[in-house]
Colleague: 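Before I ask anything, let me first share the structure, which is written out below as C-alpha cells.
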Amino acid sequence: MERTRWYKDAFIYQIYPRSFCDSNGDGIGDLRGIISKLDYLKELGITCVWLSPCYKSPNDDNGYDISNYRDIMDEFGTLEDWDEMVKGMHDRGIKLVMDLVSNHTSDEHFWFQEAKKSRDNPYHDYYIWREGKGKNKKKVPNNWTSRFGGTAWEYNEATDEFYLHLFTRKQPDLNWDNPKVRKEIQDIVKYWLDRGCDGFRCDVITYISKEEGLPNGKFNPFACGDEHFTHGPHIHEYLHELNVKVLSNYDCMTVGEGPGVNVDTGLLYTDESRRELDTVFSFEHVEVDTIMQALPKKFNLAKLKRIFEKYQHGLRGKGWNSLFFENHDQPRSLPRFTGDYGDKHDEAAKMLAMALYMMQGTPYVYEGQELGMTNYPFKSLDEFEDVLVRYVIDVIDKIKVIPWAKKVALKVFQKRARDHGRTPMQWDDSENAGFTVGKPWLAVNPNYKEINAKKEMADENSVWHFYKKLIAYRLGNPIIINGNFRQYYPSSKDVFCYEREYEGKKLFVIANFKNKYVPFRMPKEFVGKQGKVVLQNYADDPGLCDRILKPYEAVVYEL
Ligand code: GLC
Ligand code: CA
C-alpha cells in the first residue's frame, strides 16, 4: 500500500461528539447527530474529521476512559450508526480520524476488571502495579501525581497493591512493556482501519513508556513525575513497532498528542524515515499564556510568534507540524489571544484564522471555531462539568487548603477550564442553539443568538464564510503546503507578519492582534509591489505600503 501522505494537504475538523449535535433529545450529542450534519461539513469544505472518542465508556472523562475499544458508547449510538457515518463522510470526500486512547483504559474495561482480581490473573500485567511503601505498605509507591491533581496511585484491596493512573483513578495506565498489551493495541488499530477509518489521533502518546523503577519525580506543585514518563525509554521502539506492523499497511495518518514535545522530540516522532507517527500536536504555543501549564498569565504575542517560528523552521523538510489554536482541552481562542474584542468579534476571529493557517503543517479547526464561538461566562465552580475541575475541588476539600483556594480555583478555571471548548455547538437561534430539543448536558453559551451557524451561513461576510473561503484557498495551494517561512518584525507585540515562498511565488501575511490602530512599516522588499489580496477582514486595502492597521486588521497577499 502506497502511503500518499494526504494529511499534508488536508483541512481537519475536530468533532467532540458529546457537544456537536443531539439527534434524540437526551441532551447529548451522538453519531446520528453527526450524520445529520455531514452536508454542513461538506459545505464548509473540510476534508477530514477527527472524532474525539466514541467508544464504550462510563464517561468519567467523557470517553477518554474506554471500557470497550470495539464498540460504540451507548449514548452515541451503535456500530451500524458508525458505519453509516463513515460511509456518509467518504461519499462526501471526507476522511475520518479516530481518537486512539491507549495510555490507559477505563477501570471498567474487562482487562482491568480481571487484572485487579489477583496478582496471578492473566491480565494483571496489563497494568502498572506496585506494592505500597512503609511498614504496613499503605503509602503510595512514589510521588507521581495525576495530571488532574492528587496522587497517581490507587490502592487495590484484592492484590494489596497500588495501580498507576496518570489521569483519574478510573483511568488505569496500561503497561506497554507487556508485549500482549502492544499486540492488543495493534489489533484495535487494525480493527478500525479495516472497518473504514483513515487514521488516529493518539491520545497522550508521549506518556506510554515509563522509566524502569518508577523513580520519584522532582518537585512540581502541579504535576510530579513527568520526566520519568514523558518520551520514556521505549517510546520510539513501541511506536515504530505499531507503524511497521499495522499503520504502514494502510494509507492512513497519525497525529500524536504530544504533551512535552518540543522541536527536537517532535522531529524524532515525525521524521518520515523513522516511521513512527506522521505528525504531532505540540503544546508550547498554547502554553504561552500559562505558568507551568496550569495557571493563566498574560498573553504575549512576541512569545507566541517565537514558538511558531521555531516549529516552522525546525520540522521543515523532515517531520510534519500541526496547526491549531483550539481543541476540547483548550479555552476558546476568543478572547484568549485577542483580548477584549468589543464589537470587533468577526474581525478578531478572521484575523486569528489568517495568522495561523497560512503556515506550514496540517490545519485543524475545532467545532464552533468556524463560527467564532467564545469562552463561556462561568460564575461559580458548580457550573463546571469537567472531571479535571471536580478532581481539583476534591483535592482542595481533602487536604483542607486555605479557605481562599476555591476562589483562586474559580479564577483559574474561568480562564482555563476545558469546559469552555465543550459547550454545545451553536447551530441556530432556537432554544439550546438547536443543539438539542432536550436539556443539554452542558449549558449553551448565552451568545448563541448572535453567534450561530444558521445566521452566519446566511451572511456572506460572516466568520463562517471566511473560514469556507480560507479553507478552499488553502487546499491544494503549493505555497502553503511546501513554501519556506520567513518572519518580519519578530519582536513586535502587536503584529504577526510573515512570508511564505515557493518556486518564486510568495504569500505575505500581516495580522494585527490588537483591538487598536497600529502603525505598520511595509518591509522594503514589498514596497510598491503589486500584491493580490486573497484574504482580508476589512473591505478596503491600501496595498503594499506603510500604513495604519485597523483593529485586528489582517490581510494575505499573493505575489
Ligand atoms: C488527552 C485528552 C484529554 C483527556 C486526557 C486523558 O489529553 O485530550 O481530554 O482528558 O488525554 O485521556
Ligand atoms: Ca443524543
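As the structure is a computational prediction, the values presented were derived from the model and not from experiment. Atoms considered below: every heavy atom in the structure, side chains included; atoms not considered: hydrogens, waters and symmetry mates. Remember, it's 1-based here, ligands and their atoms both numbered in the order they're listed.
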Colleague: My understanding is that only residues two or more places apart in sequence, or in another chain, count here; which of them pass side-chain contact (heavy atoms from CB on, under 4.5 Å) with D39?
Modeller: R92
Colleague: Of T279, D278, D271, T362, which is the lone residue that meets side-chain hydrogen bond (donor to acceptor under 3.5 Å, both in side chains) with W320?
Modeller: T362
Colleague: If only atom types and distance count, is the side chain of D61 paired as donor or acceptor with the main-chain N or O of Y64 below 3.5 Å?
Modeller: no
Colleague: Going by atom types alone, do Y127 and H109 pair a side-chain donor with an acceptor below 3.5 Å?
Modeller: no
Colleague: Side chains of T168 and D60: do they bring a donor and an acceptor to under 3.5 Å?
Modeller: yes
Colleague: Residues two or more places apart in sequence or in another chain: which of them pass ring pair (Phe, Tyr, Trp, His ring centres under 6.0 Å) with F337?
Modeller: F299, F325
Colleague: In terms of the angle between their ring planes, are F162 and W153 parallel, tilted or perpendicular, with boundaries placed at 30° and 60°?
Modeller: perpendicular
Colleague: Protein residues near ligand 1, heavy-atom distance below 4.0 Å?
Modeller: D61, Y64, H104, F148, F167, Q171, R201, D203, V204, E257, H328, D329, R418, R422
Colleague: What protein atoms of element N, O or S are positioned under 3.0 Å from the Ca ion (ligand 2)?
Modeller: D22 OD1, N24 OD1, D26 OD1, I28 O, D30 OD2
Colleague: Report the relative orientation of the aromatic rings in Y16 and H328; use parallel for angles under 30°, tilted for 30 to 60°, perpendicular for over 60°.
Modeller: parallel
Colleague: For a quick check under 3.5 Å, do E456 and Y467 share a side-chain donor-acceptor pair by atom type?
Modeller: no
